[in-house]
**Student:** 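First, the structure itself, so that you have it in front of you.
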Amino acid sequence: MNGNTSSKINETVSWVGKWTFVLAAAGSAVGLGNIWGFPYKAGTEGGGAFVLIYLLCILAVGLPIMMAEIMIGRRARKSPVNAMKTAAIDSGQTGKWQAVGWGGLISGILILSFYSVIAGICLNYIIIAAFPTPDISSLEQFNIVTASPSRLLFWHSIFIALNIIIISAGVIGGIERMVRLLMPMLFILMMVMVINAMINGDFARGLNFLFAPDFSEVDATTFLRAMGQAFFSLSLGMGSIMCYGSYMPQEENIFKTSLTVAGLDTLIAILAGLAIFPIIFAYGLEPGAGPGLVFVSLLSAFVDMPLGNIIGPAFFALLSIAALSSAISLLEPSVAYFEEEKIVSRFSAALTLGLFAWVIGIGSVLSFNDWSDISFIGDLNFLDSIDYLANQFLMPIGGMMVAIFAGWFLKPDLALDEFSGIHLAIFKIWRFFIKFISPVLVAAVFIYQLVS
Ligand code: PHE
């Protein structure tokens, strides 16, 4: 529709469509974290109380850091490594702040490596849900899938290949084109799933479970889990949002777009809960089933449901689409850096970095079977170790450093300048949060995770 709102500044790339930043950032944010992670965490952490605390974390920590990332990225119009460096040098600080960008690139590749293995399982489940094997329970089915390294490797390879193809096609020809196609599909499929839950599920009980807060279940862990989830879900602390922000046209308002992205991310997580829990309750399944909630519990419901062999594949297609639009944002920051520094072409960068993530991912493939007894960090297997390293270590530190930098080291005038169009009162509130609230809360999570 909106063909030509783009402008080329210093030969840097800008999203073409007015809504592309929102679609791309929401595409990054909405992923396995929302549709697979959020419902099972809400399920195990006491429903509505978790949802409420999660919303608080989004507002107090997520939103201010998201605004800071977009602002730093768009100011420099460079990949996160160079965007951090530019912002630091322009504020009279050391260029070593670029280390925050480097940390982001590393977490992006690490997350992609296991994200792709789980996304591969989602792809495989599109077929499994369409043609369920008779006489096999959904738990047995999950065990068959995960016991086979070659099967997991096959789907992991397909998923990484899709990422390489999209990223090589460029920011506009690849990412923008894909999110404009995928995001509306995702939304429509989500609505279909919620309507399905209204027809085939116990909707009232699902609503009650998600929204009636049960504070007896709440302790320090709930708060910290909710914070970690908010971080991962909004794709913060590792450069994805900063990188997408660097393609944002100058005239867009950073506050409004951040609010929209955070709102869409939360909406989709809640809709995912509304699509899943009514079905879980109607079929007498356990809401606190944990990570197997969608693959084991939900599959068994689809098998018994009228039109389940259509609804089931649609659900796993939804999950795969969400995962794909997130995964491309994990690869883009490092590819953008390689291209910007003219180290190699975009295609070679996408291929090399994608293959790198693919190789590390083999460890996660084996974590489900041959290596399931081998511990890496503490008693965690390979997949859980990488997950732990990236999500509970690199991302919170990255986010906290962005907050500390934006609150304490970046010249306020530079931020104010980039936030043009934002009400002064909102700017002041942002400054207060990014200085005092967000870094302290993230530090609390971080310290807690280290000592627990
Ligand atoms: N936000 C994505 C999700 O919820 C995961 C992600 C994290 C994507 C970090 C990009 C960067 O699944």
Side-chain angles (χ1 to χ4, degrees), residues 22-42 54 57-58 61-63 65-66 69-70 73 79-80 100-101 103-122 159 163 166-167 175 178-179 182-183 186 190 225-245 258 261-273 291 294 318-336 353 357 386-399 402:
V22 169
L23 287 182
S28 166
V30 173
L32 296 174
N34 304 59
I35 305 173
W36 169 69
F38 178 82
Y40 94 68
K41 284 176 198 162
Y54 175 74
C57 294
I58 294 271
V61 183
L63 196 61
I65 295 184
M66 178 176 279
E69 284 203 21
I70 300 173
S79 73
V100 177
L105 302 197
I106 296 168
S107 358
I109 300 290
L110 288 179
I111 297 174
L112 179 61
S113 76
F114 69 82
Y115 204 82
S116 166
V117 175
I118 299 171
I121 300 180
C122 299
F159 190 78
N163 278 280
I166 296 170
I167 295 286
I175 303 177
M178 277 329 274
V179 294
L182 294 180
M183 295 313 285
L186 184 139
M190 188 52 102
R225 291 246 164 81
M227 162 92 81
Q229 172 66 15
F231 234 82
F232 183 75
S233 188
L234 288 178
S235 307
L236 296 174
M238 48 69 59
S240 286
I241 295 293
M242 196 181 284
C243 188
Y244 279 5
S258 302
V261 172
L264 282 174
D265 185 64
T266 309
L267 178 71
I268 297 281
I270 289 175
L271 287 178
V294 301
L318 165 74
L319 212 50
S320 308
I321 290 171
L324 184 59
S325 63
S326 294
I328 52 182
S329 77
L330 289 164
L331 190 54
E332 176 61 20
S334 42
V335 171
L353 293 160
I386 300 275
D387 181 13
Y388 174 81
L389 196 67
N391 294 344
Q392 323 219 16
F393 193 75
L394 292 169
M395 281 175 84
I397 292 199
V402 167

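Each ligand, and each atom within it, is numbered from 1 in the order the structure gives. FYI, side chains are in, hydrogens and waters are out, and symmetry mates aren't considered; it's all heavy atoms of this structure. No experiment lies behind these values; they were computed from the predicted model shown.
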**Student:** For the residue pair Ser28 / Ser329, report whether a side-chain donor-acceptor contact shorter than 3.5 Å exists.
**Tutor:** yes
**Student:** To the nearest 0.5 Å, tell me how far Ile268 CD1 sits from Met190 CE.
**Tutor:** 5.0 Å
**Student:** For the CG atom of Leu110 and the OH atom of Tyr115, what is their distance to the nearest 0.5 Å?
**Tutor:** 15.0 Å
**Student:** Which protein N or O atoms sit under 3.5 Å from any N or O of ligand 1? Give each pair with its distance.
**Tutor:**
from, atom 1, to, atom 2, distance (Å)
ligand 1, 1 (N), Ser28, O, 3.2
ligand 1, 1 (N), Ala29, O, 2.9
ligand 1, 1 (N), Phe232, O, 2.9
ligand 1, 1 (N), Ser233, O, 3.1
ligand 1, 1 (N), Ser235, OG, 3.0
ligand 1, 4 (O), Ala29, O, 3.0
ligand 1, 4 (O), Gly33, N, 3.4
ligand 1, 4 (O), Asn34, OD1, 3.3
ligand 1, 12 (O), Leu32, N, 3.1
ligand 1, 12 (O), Gly33, N, 2.8
ligand 1, 12 (O), Tyr115, OH, 2.6

**Student:** After noting the C-alpha distance and the side-chain angles of Leu234 and Ile58, does the key distance pass the side-chain contact (heavy atoms from CB on, under 4.5 Å) rule?
**Tutor:** CA-CA 8 Å; Leu234 288 178; Ile58 294 271; 3.8 Å; yes
**Student:** Does Leu318 reach the side chain of Leu186, with side-chain heavy atoms less than 4.5 Å apart?
**Tutor:** yes
**Student:** Sort out for me which residue in Val335, Leu182, Ile175 forms a side chain to side chain contact (heavy atoms under 4.5 Å, CB included) with Ile328.
**Tutor:** Ile175
